[in-house]
Participant: 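A single structure is presented below for examination.
Computed from a prediction, not measured in an experiment: that's the story for all the values here. Position 1 is the first residue of the sequence; numbering continues from there.
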Amino acid sequence: MAIEPYRRLLTLPGVRTLLLVGLLARIPATATGITLTLHIRSLGLGWLAAGVVGTATTVGMAVGAPLAGRFVDRHGLRPVLLVTTVAQLAFWSSAWALPYPVLLVASVTAGLLGLPVFSVIRQCLTALVPVEQRRIGFSLDSIMVELSYMTGPALGVLGITLLGSAWTMSIVAAGLTCSGAALILLNPPTRSAEEMEAPAEKLRRRQWLTPGLLTLLGTASAATFVLTATELSLVATMEHSGDTAWTGLAIGLWCSYSLIGGFVYGGLPRGFSPLILIGVMSLLTIPVGLVGGDWRWVIVALIPAGVLCAPGLSSTVETLSRWVPAGARGEAMGLHGTALLIGGASSAPIAGAVIDGAGPGWAFALAGLVGVLMVLVALPFWRRIPAPAEQPVPVAA
């Protein structure tokens, strides 16, 4: 595997620091969901109550991500980070003491004013990395995301188990505050030097939010639909076979496939369309359930689709960075984050219903079919998108 492309990437000014800060900042962000869920369960409330709060938070985040990106485009990074960091500190330092009805309302506001770590890192990475190296940059960023998701939720569970809700939520509050403060101090650029020197022009949303871009967002959403359904189906397979003690290992192995795939993809001499990557990943997910109820065979069957997870998602970010002008990039990255949230949130109840009714094997098949269908919907619009060189690079007024 080629290490040299990654070495050249990390020698670019600011990239190494941004990726490191991004990795550390995402860990508390990825711990929030499971921490909040387990806290509600510790209050003696059911999974439905926890799910309602989780949905409320997700709705707030889905609305807030593009709004935060738009404010970054118009007013810069620091004001947005300051407001969202203070909001997260206020929520997480007090959430453990709130009664459930107040917690439910507060969780919507916390989601709406969520710290935009994921979209900000990607927007700033776009500004720091030349176009020809962005595939490598976003591939490495996808690896960092995988590492944070492998770490954050596990630490959240460990904290609730050993320390209880109050201490764990206070630690999350401290982690998010430190993350926001680090990004404020770092203040990475959101536009390249060339983009900053370009003459300012008014940029209307309809100039860049085209049907083709919407289908790109839909394809990204379909990818997280497939991944969420796959995770639930894998867990259900292990539960049905009585091997729940090995669930952590199984999910860790599945994540490692994505890590390896992202690393290899970044070192390739050329990239591929997200339609190809996500379409093939979806196709390879369909037959996974045919291997039967032994989770070890399911893990083996997931290897081909698993190695395409990180490449598929990183390719959607790379494509978006090419298609969207610099002045709207923050809002577009926020919309990308919203698309990922919608895919995961819609997948959970649908896949759960299929698992309950027909079994996890059929949930694998449904997930793959949804991904393939979305790729087919995107195909005709894809051809209408101008090449990256033809895109204007105006800056929003």
Side-chain angles (χ1 to χ4, degrees), residues 22 26 29 55 57-77 80-81 83-84 108 111-127 134 138 141-142 145 190-191 195 202-228 273-275 278 312-347 371 374-375 377-378 381-382 384-386 388 391-397:
R26 282 163 169 155
T55 300
T57 306
T58 300
V59 170
M61 293 170 63
V63 174
L67 291 177
R70 187 169 179 82
F71 275 103
V72 170
D73 290 332
R74 291 190 169 190
H75 305 292
L77 189 58
V80 174
L81 290 174
V83 171
T84 54
V108 179
L112 187 66
L113 296 175
L115 190 66
V117 176
F118 290 84
S119 57
V120 162
I121 296 299
R122 288 162 179 158
Q123 183 179 5
C124 296
L125 193 60
T126 303
R134 283 181 189 168
F138 288 125
D141 180 66
S142 70
V145 171
T190 57
R191 298 171 188 164
E195 290 165 345
K202 286 188 177 181
L203 183 64
R204 300 183 185 278
R205 191 177 285 109
R206 65 171 177 266
Q207 292 178 250
W208 58 270
L209 193 57
T210 61
L213 184 60
L214 289 173
T215 57
L216 172 64
L217 296 175
T219 303
S221 185
T224 53
F225 186 101
V226 174
L227 298 179
T228 301
S273 164
L275 295 189
I278 293 174
L313 289 173
S314 65
S315 67
T316 63
V317 184
E318 181 196 1
T319 302
L320 184 144
S321 74
R322 291 172 179 266
W323 287 359
V324 177
R329 196 176 287 142
E331 185 175 359
M333 290 292 180
L335 286 172
H336 184 271
T338 296
L340 299 181
L341 286 171
I342 291 173
S346 61
S347 177
M374 187 61 234
V375 168
V377 169
F381 298 96
W382 208 261
R384 300 176 191 175
I385 298 296
Q391 289 286 351
V393 192
V395 179

Participant: Hey, mind stepping through T210 and F381 against side-chain contact (heavy atoms from CB on, under 4.5 Å) and telling me if it holds?
Facilitator: CA-CA 9 Å; T210 61; F381 298 96; over 6 Å; no
Participant: To the closest 0.5 Å, what do you measure between OG1 (T84) and CG (L112)?
Facilitator: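 Spacing of OG1 (T84) from CG (L112) equals 11.0 Å.
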Participant: Drop me the distance from S347's OG to F225's CZ, to the nearest 0.5 angstrom.
Facilitator: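 One gets 4.5 Å once the value is rounded to the nearest 0.5 Å.
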Participant: Going from OG1 on T126 to CD on E318, what distance comes out if it is rounded to the nearest 0.5 angstrom?
Facilitator: 9.5 Å
Participant: Distance from S315 atom OG to L320 atom CG, nearest 0.5 Å?
Facilitator: 11.0 Å
Participant: Can you name the closest pair of heavy atoms from T58 and A345 and give their distance?
Facilitator: CG2-CB, 4.1 Å
Participant: Rounded to the nearest 0.5 Å, what separation is found between the CG atom of D141 and the CZ atom of R122?
Facilitator: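 Reported to 0.5 Å precision, the distance equals 5.5 Å.
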Participant: Please set out all donor-acceptor pairs under 3.5 angstrom arising from side-chain atoms of residues 330-342, sequence neighbours excluded.
Facilitator:
| from | atom 1 | to | atom 2 | distance (Å) |
| --- | --- | --- | --- | --- |
| E331 | OE1 | R70 | NH1 | 2.9 |
| E331 | OE2 | R205 | NE | 2.9 |
| E331 | OE2 | R205 | NH2 | 3.0 |
| H336 | NE2 | T316 | OG1 | 2.9 |
| T338 | OG1 | A62 | O | 2.7 |
| T338 | OG1 | G334 | O | 3.1 |

Participant: Would the distance check show the side chain of T219 and the main-chain N or O of T215 forming a donor-acceptor pair, the cut-off being under 3.5 Å?
Facilitator: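 Between the backbone of T215 and the side chain of T219 there is a qualifying donor-acceptor contact (under 3.5 Å).
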Participant: Roughly how far, to the nearest 0.5 Å, is the OG atom of S273 from the CG atom of L216?
Facilitator: 9.0 Å
Participant: Can you check side-chain contact (heavy atoms from CB on, under 4.5 Å) on V108 and T57, steps first, answer last?
Facilitator: CA-CA 5 Å; V108 179; T57 306; over 6 Å; no
Participant: Does a side-chain heavy-atom distance below 4.5 Å link V72 with S119?
Facilitator: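 A side-chain contact under 4.5 Å is absent here.
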Participant: What is the minimum heavy-atom distance between G343 and T224, and which atoms define it?
Facilitator: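 That would be CA-OG1, 3.3 Å.
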Participant: Test R329 against D73 for salt bridge (Lys or Arg N to Asp or Glu O under 4.0 Å), laying out the working first.
Facilitator: CA-CA 7 Å; R329 196 176 287 142; D73 290 332; over 6 Å; no
Participant: Does the side chain of V145 come within less than 4.5 Å of R26's, by heavy atoms?
Facilitator: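 Answer yes - side chains close enough.
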Participant: Go through the steps to decide whether S142 and L313 satisfy the test side-chain contact (heavy atoms from CB on, under 4.5 Å), and finish with yes or no.
Facilitator: CA-CA 8 Å; S142 70; L313 289 173; 5.9 Å; no
Participant: Would the number of heavy atoms belonging to other residues, nucleotides or ligands and lying under 6.0 Å from CE of M374 be above 12?
Facilitator: yes
Participant: Find out whether V317 and R134 are in side-chain contact, i.e. whether some heavy atom of one side chain is under 4.5 Å from a heavy atom of the other.
Facilitator: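 Of all side-chain heavy-atom pairs linking R134 with V317, none is under 4.5 Å.
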Participant: Which pair of non-hydrogen atoms, one from P325 and one from W208, has the smallest distance, and what is that distance?
Facilitator: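 That closest heavy-atom pairing would be CD-CB, 3.7 Å.
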